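Right, one structure below, let's go through it.
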Amino acid sequence: MPTTLQSIQTDLFAHHTLNTGYRSMYAIVDCNNFYCSCERLFKPHLDNKPVVVLSNNDGCIISRSDEAKALGVDMAGPYFMAKPLIKKHDVAVFSSNYNLYGDLSMRVMDTLRVIIGEENVEVYSVDEAFVDLSIFPTQDLERIARDMRETVEQWTGIKVSIGVAPTKVLAKLANRLSKKNKKETDCVMVLDTEEKIRAGLEKTPVGDIWGVGHQYAKKLKEQWFIDDALQLSKMSEEFGRMHLGGVVGVRLIRELNGIASKDMQDELVTKKMIATTRMFGSPVDNIHDIKEAVATYTSRAAEKLRRQYSAASIISVFVVAKGENHNVTFNRGITHSRYTILPTATAFTNELIKPAVALVDHLYKKGTQYKKAGVMLSGLVPDASIQGNLFLPETKNNGRLLMDMIDNINFSQRDDVLKFAASGTTRDWKMRQELRSPRYTTRWEELYEVK
DNA sequence: TCTGGGGTCCTAGGACCC
DNA sequence: TCTGGGGTCCTAGGACCC
């Protein structure tokens, strides 16, 4: 049982023999039922009880504990449809609390960075990270993976499962199998020989491969009778190119055959598009409310923009009308969108709000009920105003300082203390979040109390 | 009454240029 | 006088991911 950082590292680097067999080895570390685990961390009485977490607006179920899964609560199913089942079995329900999840996610990722080294960790999503284990001898991989798992749990309280294999796609496949059979694997599975990989491929339905979604799974089954990953792995790269999205498909086939074709990604890639979109708490038909919402989303998107030191040259706005409601089938409604190309790229909230709100005038139709709106920033370039721009009047640079100040205050308060007037103050359109737990780790007033 | 939000990569095809 | 071929850039849209 690893207890100190030093013992772990001494242990890890102890025997530095050459890796035989595969040239690369990746681990995927995946937090189990992440959002539910976060909620449980501060509510020990919910251990072994069914728990679910809802999406924004309390719309869908986006995380389920094992117990909730066992009861037959559907993933991504609408909350209202699962409600009877949830009531009947006394399932604990929470609105999503992204402050809490984000903070715990950071702790998990930091733990991995400390154990394995920052340069070998790629954060893939809020609850998953790839770890490059290529430098370690094959015979040590299992032990290293188990060490990672135990240490993350000790240091953060979050349980993870880990799959290890020569490629990312195979690591994901191993991870899935480890979770399928927790008792036997204790949430760690290493595929380090051809035989193990073959067995793993055979047990994996084609639709459960990372990179094969609904459409492809259906096509593969209906047209070529390909049901499992082993069958797909035997198809040619050319087949992948023709039928699974071009070079994406080629990579997929290669990865299934143990040839690493998806590299570790640089952590600091700047995004090429930034979006903020939300469903409304209830349908809205008033243009002022829509403008308020769009202004608020624009502020949020602009913050994200500044955080990565970019400026946007295109801003687009879309609204979604409420569809006809045919009781059971979910009608997505019609989306209308328009964009403006800005005269110069900018990261200033006020310069972005103006054109965004103007776009609403073009999109809005009186008498229509809207259920959703969004703002997208694209054409992103490095923000010239960061270092001061000689060719702009002084006031421009003051704007940058003002933006930084607002961002800093809002970040430290986490609740939009400072807003632009266009964002409104009543916010009838804002989302429902009736069941949110306290932000234990990011708000002083909501710290966990020990009795 | 009630179905999330935020992204990525890739291809095809049209416009335009020489 | 009857119409090539190659290149680039852009957009729309399809697929995927968590």
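In this text the structure is predicted, and so the values were computed from the model without any measurement. Computation of the quantities below employed the complete heavy-atom set of this structure, encompassing side-chain atoms and omitting hydrogens, waters and symmetry-equivalent molecules.
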5′-ward residue of the pair A/V248/A/K372 relative to DNA chain B
A/K372
So what does A/S96 touch, heavy atoms closer than 4.0 Å: a base, only the sugar-phosphate, or nothing?
nothing
Considering only heavy atoms from C-beta outward, does the side chain of A/I162 approach that of A/V160 to under 4.5 Å?
yes
Give one of base, sugar-phosphate or nothing for A/K262, where a contact means two heavy atoms less than 4.0 Å apart.
nothing
Indicate yes or no: does A/K172 engage A/E255 in a salt bridge with an N to O separation below 4.0 Å.
no
Tell me what A/K272 touches on the nucleic acid: a base, only sugar-phosphate, or nothing, going by heavy atoms under 4.0 Å.
sugar-phosphate
Assign A/R241 to base, sugar-phosphate, or nothing according to its heavy-atom contacts below 4.0 angstrom with the strands shown.
nothing
Determine whether the side chains of A/S236 and A/R241 contain a donor N or O and an acceptor N or O closer than 3.5 Å.
no
Most 5' of A/T276 and A/R251 on DNA chain B, judged by nearest nucleotide
A/T276
Rounded distance [0.5 Å steps], CZ in A/R278 versus CG in A/N57:
9.5 Å
Under 4.0 Å between a side-chain nitrogen and a carboxylate oxygen: does that hold for A/K168 and A/E122?
yes
Could you check how far CD of A/E128 sits from P of C/dC18, rounded to whole Å?
6 Å
When the distance from CD of A/Q369 to C1' of B/dT1 is rounded to whole Å, what number comes out?
12 Å
Separation between the C1' atoms of C/dG4 and B/dC16, rounded to whole Å:
16 Å
Looking at every strand, decide which applies to A/I274 at a 4.0 Å heavy-atom threshold: base, sugar-phosphate, or nothing.
sugar-phosphate
Side chain to side chain donor-acceptor pair (under 3.5 Å) pairs touching residues 206-220 of chain A, sequence neighbours excluded, are A/R176-A/D208
For DNA chain C, which consecutive runs of 3 or more Watson-Crick or G-U pairs (each distance under 3.5 Å) count as stems?
B:5-18 with C:5-18
Nearest whole angstrom, please: distance from the P of C/dC17 to the NZ of A/K172.
9 Å
Taking the six-membered ring where the residue is Trp, are the ring centres of A/Y124 and A/F130 under 6.0 Å apart?
yes
When all nucleic acid strands are considered with a 4.0 Å heavy-atom cut-off, which category describes A/Y124: base, sugar-phosphate, or nothing?
sugar-phosphate
Should the pair A/H243 and A/F239 be assigned to parallel (<30°), tilted (30 to 60°) or perpendicular (>60°) ring geometry?
tilted
Quick tally for nucleotides 6-16 of chain C: nucleotides whose base has a protein heavy atom under 4.0 Å get B, sugar-phosphate-only ones S, the rest -, giving ---------SS
Whole angstroms only, please: what is the OH-C1' distance between A/Y98 and C/dC18?
11 Å
To the nearest Å, how far apart are A/F34 CZ and C/dC18 C1'?
12 Å
A/N32 and A/S161: side chain donor to acceptor below 3.5 Å:
yes
Flag the pair A/M273 / A/L377 as yes when at least one side-chain heavy-atom distance between them is below 4.5 Å, and no otherwise.
no
Would you indicate what A/K219 reaches in the nucleic acid, counting non-hydrogen atoms under 4.0 angstrom: base, sugar-phosphate, or nothing?
nothing
